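Given the structure is predicted, the values throughout are model-derived calculations rather than measurements.
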Amino acid sequence: MGDLWLFLLLPLPLAAFLGVKGCLECDPRFIKDIQSLLAKLVPSEVPGRTELLDRQIKAMTNLSFKVSHRNKMLRVLAVQRVVYLRTWLKNELYKMSNKTWKGVFILQGKLLDVRQSLESKLKEVLKHFSEAACSEDCVLNEGPILDCWSCHQITTHCFKGEYCGEEDSRKHENREIGLFLILITEAVILGSALLLLHVCVTHQRKMKAIRKSLENYVEKKLEDLMGRTDKKNKQDFGIRK
């Protein structure tokens, strides 16, 4: 099982030259085929034909992009399964083109059914391939593999890491370090708050003790002073007698 960083990527134009098919909308030929088949479904005299075709072509060709970009595990798929999906879709559109025209609303309903079926099939094959390619006993040998995000061919058949929903070890390590630093910061803040509270309480107690000592000192001095005053008054009173 090779590392993703060691993948050998082959650009799609060269892959097409070698007969390798693209991942649905990755291949310009597929888009042209869909445009041609959809154009055959709508008579030329239908009002708003161009706008109708543009909307349907965009919805059809962007389908696999929306499906595969919802989850990184749905990013890669064997080329032969991509070819199967493309062939199935073109056959469905070809069958519709051989039927009698019944109006725009009927056509839109049928195309919606086709897109929903294609989406269901695409999700199924992507999930099945991902489970097989990410298994510990992976032994896939289905020919070329396409990265549906970049439209590149990948040489490996078995995957690990983020492609398989596994968290990157560096990200996991960084997250643990971040959580540790947050805990350390909170501990420092809490410790500082407790230390400040202790200092304030201790200082308050000391100030109370000092104030009480001063009060006792002043009270004693006043008593001494009053005692001396009384004694002096008594002496003066005795002399006058």
S.K.: Quick one about S36 and D33 (side-chain donor to acceptor, distance below 3.5 Å, no hydrogens or angles considered), yes or no?
M.R.: no

S.K.: Treating Ile, Leu, Val, Met, Phe, Trp and Tyr as nodes and any side-chain heavy-atom pair under 4.5 angstrom as an edge, say whether L112 and L85 lie in one connected cluster.
M.R.: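 No; tracing contacts between hydrophobic side chains, which count when under 4.5 Å, never links both residues.
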
S.K.: Between CD of Q56 and CG of L93, what distance do you get to the nearest 0.5 Å?
M.R.: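 Spacing of CD (Q56) from CG (L93) equals 10.0 Å.
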
S.K.: Please round to the nearest 0.5 Å and tell me the distance separating atom CG of L89 and atom OG of S117.
M.R.: 10.5 Å

S.K.: Is the closest basic N to carboxylate O distance between E119 and R115 below 4.0 Å?
M.R.: no

S.K.: Could you tell me whether a side-chain N or O of S97 sits under 3.5 Å from a main-chain N or O of Y94, the two making a donor and an acceptor?
M.R.: yes

S.K.: Which value, rounded to the nearest 0.5 Å, describes the distance between L111 atom CG and M60 atom CE?
M.R.: 5.0 Å

S.K.: Output yes when a side-chain donor or acceptor of R49 lies under 3.5 Å from a complementary backbone atom of P43, and no otherwise.
M.R.: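 Yes.
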
S.K.: Mind checking the NZ-CG spacing from K58 to D54? Nearest 0.5 Å is all I need.
M.R.: 9.5 Å

S.K.: Please lay out, stage by stage, how V104 and V42 fare under the test side-chain contact (heavy atoms from CB on, under 4.5 Å).
M.R.: CA-CA 8 Å; V104 172; V42 185; 5.9 Å; no

S.K.: What do the steps show when you test E186 against L190 for side-chain contact (heavy atoms from CB on, under 4.5 Å), and what is the final call?
M.R.: CA-CA 6 Å; E186 291 180 348; L190 180 59; over 6 Å; no

S.K.: Determine, for E92 against K95, whether the closest basic-nitrogen to carboxylate-oxygen distance falls under 4.0 angstrom.
M.R.: yes

S.K.: Would you kindly confirm whether W88 and L37 end up in one hydrophobic cluster when ILVMFWY residues are joined by side chain heavy atoms under 4.5 Å apart?
M.R.: yes

S.K.: Rounded to the nearest 0.5 Å, how far apart are CG of L53 and CD1 of I34?
M.R.: 12.5 Å

S.K.: Would a single hydrophobic cluster contain both L52 and I106, if residues Ile, Leu, Val, Met, Phe, Trp and Tyr are joined by side-chain heavy-atom contacts under 4.5 Å?
M.R.: no

S.K.: Rounded at 0.5 Å granularity, tell me how far CZ in R81 sits from CD in E124.
M.R.: 10.0 Å

S.K.: Can you tell me if T185 uses its side chain to pair, donor with acceptor, with the backbone of L181 under 3.5 Å?
M.R.: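 Indeed, once roles are kept as given, a pair shorter than 3.5 Å links the two residues.
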
S.K.: Quick one: closest heavy-atom pair of W101 and L107, and the distance?
M.R.: CZ3-CD2, 3.7 Å

